Amino acid sequence: MPDGRIAVAGLTKQYKTVRAVDGLSFEVEPGRVTGFLGPNGAGKTTTLRMLLNLVRPTAGTATIGGLRYADLPDPVRTVGAVLEASAAHKGRSARNHLRVICRAAGLPDRRADEALDMVGLSTAANRKFKGYSLGMKQRLGIAAAMIGDPRVLILDEPANGLDPEGIRWMRQLLQALAAEGRTVLVSSHLLSEMEILADDVIILAAGRLITQGPVDTVLGSMGGAGRTRVRTPDPAALTAALGEGAKVTTDVDGDLWVTGPDAVAVGEAAHRAGVVLHQLTTERPDLEEVFLELTKGKADIR
Ligand SMILES: Nc1ncnc2c1ncn2[C@@H]1O[C@H](COP(=O)(O)OP(=O)(O)OP(=O)(O)O)[C@@H](O)[C@H]1O
């Protein structure tokens, strides 16, 4: 049984006039949720489709546990994927839809009920698909992907159509699946969602890798954008204590925003100068800012 590591190396897809994916290389580790991020047209879907053998690469390789999808001995038990909100026969119930998939994959019927239970659709199991909301279709898509209990899960924009409660549910499910040791690769343009969902991020633009790594490291690499918010009854003394290396601005509430020294350095400088602090908080740059900064100007290369 191959392990769940995804490896993409030199992956390229040239359509007639568009180079959708351009020499892309990255790895995705088991036991973590990895966010696959990029602006519209960055090449996310094309990359996922190449991983799943739905699009033939022009060059390079995409493997799961060291094997191309086409060479996996038991793909249904290795990889589950949701590429778009699930399509099913309109008049068929969710349970029957999943049973058809079970039979085609040589799995016992009970897997259909287990998968429905996992995505919270048990009570709707006998309802016809045509009455399903988009959120229910997303859940059914995940149930179908999980039917073979795969160690790798690949989802293209799974939060589409989900309400806030559905998004929270999705986050908890994906994090729990990763905690079981599975590989979870999720594409999204919902950057704020990725910041709380993902352990690692892979950011691409115009078919090329921009950066990859743990969310915290990617954010840390943009550390210059981080700021410290300080509330003090003596702003002038604190500003003087921070010296020339710090850039200090004051907002309408009278709070100081410090860039340059981090919160530890600000606190120590205040202590040395005998300045009282009422509040000291680090404001991390959010992924949205990092993402815009990193992909700026690259989205329209093609
Ligand atoms: N079958 C195709 N034929 C020609 N061009 C294509 C084809 N599929 C995708 N493209 C082009 O390749 C580029 C990458 O598209 P892709 O759908 O992979 O991006 P994406 O990052 O998933 O974007 P989105 O967030 O909008 O879904 C786009 O310019 C798209 O128009």
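Below, each value reflects all heavy atoms present in this structure, side chains not excepted, and no hydrogens, waters or symmetry copies. These figures come from a predicted structure and were not determined experimentally. Read the numbers this way: they start at 1 and go in the same order the structure lists the ligands and their atoms.
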Side-chain donor-acceptor pairs of residues 235-252 under 3.5 Å, sequence neighbours excluded:
from	atom 1	to	atom 2	distance (Å)
T239	OG1	P235	O	2.8
D251	OD1	D253	N	3.0
D251	OD1	G254	N	3.2
D251	OD1	D255	N	3.0
D251	OD2	W257	NE1	2.9

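For ligand 1, the atoms sitting less than 4.0 Å from at least one non-hydrogen atom of T45 are 17 (O), 18 (O), 20 (P), 22 (O), 27 (O), numbered in the order shown with element in parentheses.
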Point to revise | side-chain contact (heavy atoms from CB on, under 4.5 Å) assessment of V230 paired with V266 | key: CA-CA 9 Å; V230 195; V266 172; 3.9 Å; yes
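Considering V18, N40, T17 only, the shortest heavy-atom separation from atom 11 (C) of ligand 1 involves V18.
Applying the side chain to side chain donor-acceptor pair (under 3.5 Å) definition to pairs two or more places apart or across chains, none involves residues 262-271.
Residue G43 has at least one N or O atom closer than 3.5 Å to an N or O atom of ligand 1. At least one N/O-N/O distance between K44 and ligand 1 falls below 3.5 Å. Between G41 and ligand 1, at least one N/O pair is under 3.5 Å apart.
For T46, heavy-atom contacts with ligand 1 shorter than 4.0 Å involve the backbone as well as the side chain.
Proximity of a side-chain donor or acceptor of T17 to a complementary backbone N or O of Y15 within less than 3.5 Å is not detected.
Between the side chains of S93 and N126, no donor N or O sits under 3.5 Å from an acceptor N or O.
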